[in-house]
Amino acid sequence: MNIDGIPTRTLRPHPDRCAIDIIDQTRLPHALHWVRVDTLAGAAHAIRAMQVRGAPLIGATAAYGLAIALDEGADDERLKTAIDTLWKTRPTAVNLHWALTRMSQRLTPLPPAARQQAAWQEAEAIAEEDIAQNLAIGRHGLGLLRQAKRFNGNELNIMTHCNAGWLATVDAGTALSPVYAAYDAGLPVHVWVSETRPRNQGLLTAWELAQHGVPHTVIADNAAGILLRGGKVDAVIVGADRIAANGDVANKVGTYLKALACADNGIPFYVAAPRSTIDFDLPEGHGIRIEERDGDEFRLVHGLDARGVPSALHQLPVREAVANPAFDVTPARLVTAIITERGACPASRDGLLGLYPEEASHG
Ligand code: MRU
């Protein structure tokens, strides 16, 4: 996608194959700041601190992080330590574990001297596949958006939650890929962007939609219900952090409430995600580990002060008890369809296996 009109990916591998540059997403939308990642610790920190975030981007960063780690030695012990370190950075997005498993399967059989180069090539393959898959999701999703029941040729109103755009991937996005495809095809698309407290990833969505010129309106999370009830939304489309084999979907906390409101109002609720987000080893969504993040994410409100300087304000006393679950699970029965790079399917085991018959041996 473009930043100030310049095609840009969220990861920039260095030609010497020893480092990558990432966008520090904790500083968006107020500042665009690139950070060099050239150590295992740096890669682990970038994922844990959410400098990079979004399930597909976490997976790609971990793959490059492993390749960077092996630059300092690639014996079995070093390989295992690096995988363990990256594996523990965040628990819910399965793309992280999918990418590290793929890397391990590729690298373990190789002699140590061959591992670093192979790791870098595999990370590049993961990044390129991510982009191609996201673009395919965009094409399949566009077909569904054109059919959205309430779309009468006037404005096509899409609601999304969190950020499943190009910032959450290497490029192109998952849930926003059909939105960009619709906009690029000349459809009169408008996006309702929910703020997504407490970390406000909706502001990242607004920022990247603005970079592409897509009309949008930011809403408080609690405003979604009145818009969905009031006929202002033709379809909701969100990303996913992990999809169980039965079609249950873990996504950013607040997703479930939107799915409920869609069901109550007959509005299609789509989930867009690539194969790497589907956990065929997990039969149902209640087995998904939900990340509980630091309460200060909730107690502190971040923004610019009156002078335009980044600041944080306490909205709660430090000792106030808070709960901060980062994700929730939407049951498959509330999902109209899952859109993958292979097409759209019902949110069910049969639906997913219809697209991925090679996974039938799981569970
Ligand atoms: O905690 P984050 O920001 O890494 O959350 C992940 C997400 O961006 C969303 O849940 C998104 O909808 C799915 S990832 C494309």
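Just the heavy atoms: all of them, side chains too, but no hydrogens, waters or symmetry mates, feed the values below. Read the numbers this way: they start at 1 and go in the same order the structure lists the ligands and their atoms.
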**Message:** For Asn134 and Thr174, which I'm curious about, is there any donor-acceptor pair between the side chains at under 3.5 Å?
**Reply:** no

**Message:** Among residues at least two apart in sequence or on other chains, which ones pass side-chain contact (heavy atoms from CB on, under 4.5 Å) with Ile68?
**Reply:** Ile20, Val37, Trp120

**Prompt:** By side-chain contact (heavy atoms from CB on, under 4.5 Å), which residues pair with Asp184, not counting sequence neighbours?
**Reply:** His212

**Request:** Report yes or no: does Asp234 contribute a side-chain atom to a donor-acceptor pair with the main-chain N or O of Ile158 at less than 3.5 Å?
**Result:** no

**Message:** Taking Glu122 first and then Arg102, would you say they form a salt bridge - that is, a charged N and a carboxylate O separated by under 4.0 Å?
**Reply:** yes

**Asked** Got the residues with a heavy atom under 4.0 Å of ligand 1, by chain and number?
**Response** Met50, Arg53, Gly54, Ala55, Pro56, Arg90, Cys162, Asn163, Ala164, Ala168, Thr174, Gln201, Gly239, Ala240, Asp241, Asn251, Lys252, Phe327

**Message:** Under the rule for salt bridge (Lys or Arg N to Asp or Glu O under 4.0 Å), what residues qualify as partners of Asp24, not counting sequence neighbours?
**Reply:** none

